[in-house]
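Reckoned from all heavy atoms, side chains included, excluding hydrogens, waters and symmetry mates.
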Amino acid sequence: MQERYALVLAENGKPIIARLARCIDGKAGRRLLADQKRLRAQLAEKCVEVPMTADRSAAALAEAQHHGIAADQKSYL
């Protein structure tokens, strides 16, 4: 069988040979791949900007101390 063709077997019908099309073919496919590449780049940039867990913990502890609900940092480490 040729590439991009499939044999479809149904319970209540004759077998057929179906021609397959990929979603990344043609002009719309090129646009889809370009959008995918752009979004992946944006996500990669966002991941770099995410603060480390230790930084987030230190910020939360500082805020708690500011509001008087945490005694000092040493007691939590």
Side-chain angles (χ1 to χ4, degrees):
M1 187 168 293
Q2 294 178 352
E3 192 173 290
R4 294 193 184 201
Y5 284 86
L7 176 62
V8 180
L9 302 172
E11 280 187 45
N12 299 324
K14 293 181 181 180
I16 62 169
I17 295 177
R19 186 171 153 210
L20 305 175
R22 297 177 68 191
C23 65
I24 59 172
D25 288 342
K27 186 177 180 180
R30 287 189 299 275
R31 186 174 58 239
L32 179 65
L33 290 174
D35 289 346
Q36 180 188 45
K37 185 177 180 180
R38 181 180 48 81
L39 288 172
R40 284 185 175 173
Q42 286 177 356
L43 288 173
E45 289 174 14
K46 297 271 186 202
C47 289
V48 172
E49 296 173 3
V50 174
M52 299 287 290
T53 304
D55 295 335
R56 293 175 62 197
S57 297
L61 185 57
E63 191 67 21
Q65 289 172 343
H66 176 74
H67 290 287
I69 55 176
D72 59 50
Q73 186 173 1
K74 293 177 186 173
S75 64
Y76 294 100
L77 298 177

Check: Rounded to the nearest 0.5 Å, how far does CZ of Arg40 lie from CD of Gln42?
Finding: 13.0 Å
Check: Just how far is it from atom CD of Gln36 to atom CZ of Arg31, taken to the nearest 0.5 Å?
Finding: 14.0 Å
Next item on the list: Step through the shown structure and confirm whether more than 12 heavy atoms of other residues, nucleotides or ligands are within 6.0 Å of CD1 on Ile17.
Entry: no
Note to self: Show, in sequence, the C-alpha distance, side-chain angles and deciding distance for Arg56 and Thr53, and conclude whether the side chain to side chain contact (heavy atoms under 4.5 Å, CB included) test is met.
What the structure shows: CA-CA 5 Å; Arg56 293 175 62 197; Thr53 304; 5.7 Å; no
Margin query: Tell me which pairs pass side-chain hydrogen bond (donor to acceptor under 3.5 Å, both in side chains) where either residue lies in residues 4-17, with sequence neighbours left out.
Written below: Arg4-Asp25
Checklist line | Residues that Arg30 engages under side-chain contact (heavy atoms from CB on, under 4.5 Å), provided they are two or more places apart | finding: Lys27
Notebook entry, point to check: Should we count CZ of Arg38 as having more than 12 external heavy atoms under 6.0 Å?
Noted result: yes
Notebook entry, point to check: Would Met1 and Val8 show up in the same hydrophobic cluster when neighbours are defined by side-chain heavy atoms closer than 4.5 Å?
Noted result: no
